[in-house]
**Student:** 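Quick one: structure below, then a few questions.
Order of the sequence lines fixes the chain letters, A, B, ..., with proteins taken first and strands second; residue numbering starts at 1 for each chain.
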Amino acid sequence: MKFEKIKDVIKKEEGQKAKIRGWIYRKRSSGKIIFIVIRDSTGIIQTIVEKEKISNEEFKKAEKALIESSVEIEGTVHEDKRAPGGKEIHVTKFNVVGFAQDFPITEYQSVEFLLDNRHLWIRSRKLTEVMKLKAKMLRIIRRWFDENDFYEVTPSVITTNAAEGGATVFSFDYFGQEAFLSQTAQMYLEALIFSLENVWCLTPSFRAEKSRTRRHLTEYWHLEAEEAWLNNEENMKLQEELISYVCQSIAKECKDELEFLGRDPKDLKIVEPPFKRIKYKDAIKMLNEKGFDIKWGDDFGAPHEKALVEGEEKPIFVTHFPVESKAFYMKISPDGKTVECADMLAPEGYGEIIGGSEREENIDSMIERLKKDGANIKNYEWYFDLRRYGSVPHSGFGLGIERLLCWIAKLEHIRDATPFPRLVRRAYP
RNA sequence: GCCGGCGUAGCUUAGUCUGGUGGAGCACCCGGCUGUUAACCGGGCGGUCACCGGUUCAAAUCCGGUCGCCGGCGCCA
């Protein structure tokens, strides 16, 4: 008889045999009967070890095995109202593969302790469900790009291009030369559209910002796409289609995970194009009306973003930010004051999940803006070449995978959207 | 960088204001219990009170400093 997954055993009928393997999740003993809840990647089930129905040796093993011991169990399936989940296994064979020492994570835990023991805490049911959801989400995203004829590309994470704008980068010694961990693959994607036209990639991105908020990681998974012959409005359409597809698919395909995490699939089902578009200047007006002290040129903080999506059930776009507040490569609008960009804000105050723009084609304009930021123009020569040899209008966007997951999974903190979060004060374990 | 909070047993904590031999729950070990639901009952093991210095007859407690963590702000295409 082969080992079965717990989710399949749960579906079995009264009296059928079952053979499972996994880890001890909970254990309660009552003298001659031991209740052992077993966990595997698919779920949990209660097993009953009775002294009279099993060898002495096996019963002793069952008594001694502590939580998180790995075990192999055979028995028969029984329906019982008293069992969590309604079904349980009456054990006929009990084998311990690996006895666990005292498991450090018990009833009460602090955030700090759990982060110190992250390598063990990731076994928890919550993080397990989050990671399942993330895996499925990535599968869905890949499916969408496939179906929309985008090429997946693999740009480098090591770069000698210093950061654009005021963002901070992690630098390191690359055989005697200063190099950086990439903050974005965008410029490389732009180079690739001149042959492939539609490209996307998924890479880690790094930000050395000392941001201590529930929305920031120093290392995160960055989904980026770039398309030739695309303007800002078409770019937004692409984004709202992608996000809508992801929400619809997850609502359909991830019911169990969503239910466990407390996200109603209905919240995702209503996400479909078009998303509301609001210009930066109107957003400022709106915020002023809501009593915020904010003026043209100011960037939005978390409270502003929250106020802008108040009452919204779908994400919204905020477009046409002032030139000064955005990066050098964003195309300047005809008004000369704003750029052809769009930030997508998630509902419920989860904040920015996508930043995108049409790209500037005028080299002089880019140089002027780069100089204002104190950047070394020489580093960008290769990038300017892209404008020199058959430039075309093009646009693209970048999406923070963990931020998207944070919203969809209704998480309190972005650190739970990744198994080993890298935060300002933490890179262990 | 700034503001706030915290640091006592493996974990969660009481005790700190008002100085006088550090208590408890969980985990673990031993014993009891044949239907438990983060079982229960009895017993046991377990402490550099974050670290350094000071005040005092006496410091977990008061004072000064250091370190670590958490929450938030700022920063953040």
Side-chain angles (χ1 to χ4, degrees), chain A residues 25-37 44 46-53 59 63-64 66-68 78 80-86 88 90 100-117 120-121 124-125 163-169 182-187 205-218 220 222 224 298-303 305 321-331 339-344 351-352 354-360 369 373 395-400 403 412-413 415 423-426 428:
Chain A
Y25 177 67
R26 295 281 184 268
K27 197 178 153 186
R28 294 172 284 271
S29 163
S30 182
K32 298 195 174 71
I33 182 167
I34 310 171
F35 303 89
I36 302 177
V37 181
I44 60 172
Q46 173 165 284
T47 67
I48 314 292
V49 182
E50 287 176 276
K51 195 167 189 176
E52 287 171 4
K53 296 184 179 169
F59 190 80
E63 273 185 318
K64 273 185 74 179
L66 302 182
I67 283 177
E68 288 303 317
H78 289 280
D80 196 313
K81 279 180 192 164
R82 294 167 293 187
E88 58 189 18
H90 289 207
Q101 298 181 17
D102 298 4
F103 198 62
I105 300 174
T106 58
E107 189 170 352
Y108 306 104
Q109 313 102 356
S110 61
V111 171
E112 182 183 349
F113 182 76
L114 291 177
L115 285 172
D116 284 341
N117 289 281
L120 302 175
W121 181 232
S124 71
R125 295 192 72 200
E164 20 17 293
T168 31
V169 277
S182 155
Q183 296 186 301
T184 170
Q186 183 204 310
M187 292 194 286
S205 270
F206 303 87
R207 304 279 166 109
E209 296 145 13
K210 292 194 170 172
S211 305
R212 293 174 53 79
T213 81
R214 62 185 66 194
R215 299 171 41 222
H216 287 84
L217 293 167
T218 58
Y220 67 97
H222 203 175
E224 293 174 273
D298 293 344
D299 227 331
F300 301 136
E305 288 183 348
F321 280 70
V323 175
E324 296 74 25
S325 68
K326 291 288 182 181
F328 76 96
Y329 52 71
M330 294 191 178
K331 187 184 179 75
V339 288
E340 293 295 308
C341 73
D343 284 357
M344 189 192 289
E352 183 184 345
I354 295 186
S357 74
E358 187 169 343
R359 314 309 190 188
E360 182 61 80
R369 281 187 272 171
D373 288 338
S395 301
F397 62 89
L399 177 157
R403 283 195 180 173
E412 296 262 304
H413 199 296
R415 65 181 163 224
L423 305 163
V424 180
R425 312 290 275 266
R426 186 177 285 279
Y428 174 94

**Student:** Considering only atom P, compute the distance from B:rC45 to B:rG4 and round it to an integer number of Å.
**Tutor:**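 One P to the other, the span is 44 Å.
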**Student:** Measuring from the side chain of A:T213 (C-beta onward, heavy atoms only), which nucleotide among B:rG74, B:rG35, B:rC69 has the closest atom?
**Tutor:** B:rG74
**Student:** Out of B:rC76, B:rG35, B:rG72, which nucleotide sits closest to the side chain of A:R214?
**Tutor:** B:rG72
**Student:** Indicate, with a heavy-atom threshold strictly under 4.0 Å, whether A:E412 touches base, sugar-phosphate, or nothing.
**Tutor:**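 If one applies the 4.0 Å heavy-atom cut-off, A:E412 turns out to touch nothing in the nucleic acid.
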**Student:** Rounded to whole angstrom, note down the P distance from B:rC62 over to B:rU8.
**Tutor:**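 Roughly 16 Å separates the two P atoms.
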**Student:** Grab the NZ-P distance between A:K326 and B:rC76 for me, whole Å please.
**Tutor:**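 It is 10 Å, rounded to the nearest whole Å.
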**Student:** Can you tell me how far CZ of A:R359 sits from CE of A:M330, rounded to the nearest 0.5 angstrom?
**Tutor:** 6.5 Å
**Student:** Select one nucleotide: of B:rA38, B:rG35, B:rC11, the one nearest the side-chain heavy atoms of A:R26.
**Tutor:**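 Nearest to the side-chain atoms of A:R26, counting from C-beta on, is B:rA38.
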**Student:** Let's see if you can work this out: which of B:rA38, B:rC70, B:rG35 has an atom nearest to the side-chain heavy atoms of A:V111?
**Tutor:** B:rC70
**Student:** Report the residue (A:K210 or A:G355) whose heavy-atom-nearest nucleotide on RNA chain B is the more 5′ of the two.
**Tutor:** A:K210
**Student:** How far, in whole Å, is B:rG19 from B:rA58 if one measures between their P atoms?
**Tutor:** 15 Å
**Student:** P atom, B:rC67 versus B:rA27: distance in rounded Å?
**Tutor:** 38 Å
**Student:** Could you check how far CD of A:E209 sits from C1' of B:rC2, rounded to whole Å?
**Tutor:** 17 Å
**Student:** Using whole Å, report how far CD of A:Q46 lies from P of B:rG35.
**Tutor:**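 Distance check: A:Q46 CD to B:rG35 P gives 13 Å.
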**Student:** Looking only at atom C1', what distance separates B:rC51 and B:rG46, rounded to whole Å?
**Tutor:** 23 Å
**Student:** If you take all heavy atoms of A:E209 and A:T218, which pair is closest and at what distance?
**Tutor:**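 In terms of heavy atoms, the two residues are closest at O-CG2, 4.4 Å.
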**Student:** Could you check whether any side-chain heavy atom of A:L115 comes within less than 4.5 Å of a side-chain heavy atom of A:Y428, counting everything from C-beta outward?
**Tutor:** no
**Student:** Using whole Å, report how far CZ of A:F35 lies from C1' of B:rA38.
**Tutor:**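 Rounding to the nearest Å, CZ of A:F35 and C1' of B:rA38 are 15 Å apart.
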**Student:** Who does B:rC75 pair with, Watson-Crick or G-U, both distances under 3.5 Å?
**Tutor:**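 WC or wobble partner does not exist here.
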**Student:** What are the two closest heavy atoms between A:R215 and A:E352, and how far apart are they?
**Tutor:** NH2-N, 3.7 Å
**Student:** Starting at atom CD of A:Q183, determine the distance to atom P of B:rC75, rounded to an integer number of angstrom.
**Tutor:**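 Rounding to the nearest Å, CD of A:Q183 and P of B:rC75 are 17 Å apart.
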**Student:** Could you tell me which nucleotide pairs with B:rA58 by Watson-Crick or G-U wobble geometry, both distances under 3.5 Å, or answer none if nothing does?
**Tutor:**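 The answer is none; no pair meets the criterion.
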**Student:** Under 4.0 Å, heavy atoms only, any strand: does A:E88 hit a base, just the sugar-phosphate, or nothing?
**Tutor:**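 Base contact.
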**Student:** Rounding to the closest angstrom, what is the interatomic distance between B:rG23 and B:rC49 at atom C1'?
**Tutor:**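 About 13 Å, rounded to a whole number of Å.
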**Student:** Is the shortest side-chain N/O distance from A:R215 to OP1 or OP2 of B:rC75 below 4.0 Å?
**Tutor:**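 Answer is no, no contact under 4.0 Å.
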**Student:** Contact class for A:R415 (heavy atom, under 4.0 Å): base, sugar-phosphate, or nothing?
**Tutor:**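 Sugar-phosphate contact only.
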**Student:** So that I know where these two stand, are A:F103 and A:Y25 an aromatic pair - ring centroids less than 6.0 Å apart?
**Tutor:** no
**Student:** CG/A:L423 to CZ/A:R415 distance, rounded to the nearest 0.5 angstrom?
**Tutor:** 7.0 Å
**Student:** B:rC75, B:rC11, B:rU36: which one has an atom nearest the side-chain heavy atoms of A:S211?
**Tutor:**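 The closest nucleotide is B:rC75.
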**Student:** Taking atom OG1 of A:T47 and atom NE2 of A:H78, what is their separation to the nearest 0.5 Å?
**Tutor:** 12.5 Å
**Student:** Quick check on RNA chain B: between A:S110 and A:I48, whose nearest nucleotide comes earlier from the 5' end?
**Tutor:** A:S110
**Student:** Quickly work out the A:F300 CZ to B:rC73 P distance and round it to whole Å.
**Tutor:**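 Rounded to whole Å, this separation is 16 Å.
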**Student:** Contact class for A:D80 (heavy atom, under 4.0 Å): base, sugar-phosphate, or nothing?
**Tutor:** base
**Student:** At under 4.0 Å between heavy atoms, how does the protein contact nucleotides 25-34 of chain B? Give one character per nucleotide, 5' to 3', with B, S or -.
**Tutor:** -SSSS---BB
**Student:** Going by purine N1 to pyrimidine N3 plus the second Watson-Crick contact, or the G-U wobble pair, all under 3.5 Å, which nucleotide sits opposite B:rC6?
**Tutor:** B:rG68
**Student:** Take atom C1' in B:rG47 and the same atom in B:rA14, then report the distance between them in whole Å.
**Tutor:**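 Approximately 15 Å lies between the C1' atom of B:rG47 and that of B:rA14.
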**Student:** Taking 4.0 angstrom as the limit, do A:K51 and A:E63 come out as a salt bridge?
**Tutor:**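 Salt bridge absent between A:K51 and A:E63.
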**Student:** Starting from C1' on B:rA50, measure out to CG on A:D116 and report it in whole angstrom.
**Tutor:**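 Taking atom C1' of B:rA50 as the reference, CG of A:D116 is at 13 Å.
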**Student:** OP1 or OP2 of B:rG71 sitting under 4.0 Å from any side-chain N/O of A:H413?
**Tutor:** yes
**Student:** Rounding to an integer number of Å, can you tell me how far A:K51 NZ sits from B:rG35 C1'?
**Tutor:** 17 Å
**Student:** Verify the contact: side-chain N or O of A:R212 to OP1 or OP2 of B:rC70, cut-off strictly under 4.0 Å; return yes or no.
**Tutor:** yes
**Student:** I'd like to know if A:E360 and A:R369 make a salt bridge, using a cut-off of under 4.0 Å between side-chain N and carboxylate O.
**Tutor:** yes
**Student:** Between B:rC17 and B:rG1, how many Å separate the two C1' atoms, rounded to a whole number?
**Tutor:**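 It works out to 32 Å between them.
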**Student:** Is a donor-acceptor pair below 3.5 Å formed from side chain A:Q109 to base B:rG10, judging by atom type as modelled?
**Tutor:**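 There is none.
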**Student:** If you measure from the Lys or Arg side-chain nitrogens to the Asp or Glu carboxylate oxygens, is any gap between A:K326 and A:D343 under 4.0 Å?
**Tutor:**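 A:D343 and A:K326: salt-bridged.
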**Student:** Partner lookup for B:rU21, please. Criteria are Watson-Crick or G-U wobble with both distances under 3.5 angstrom; report none if nothing qualifies.
**Tutor:** none
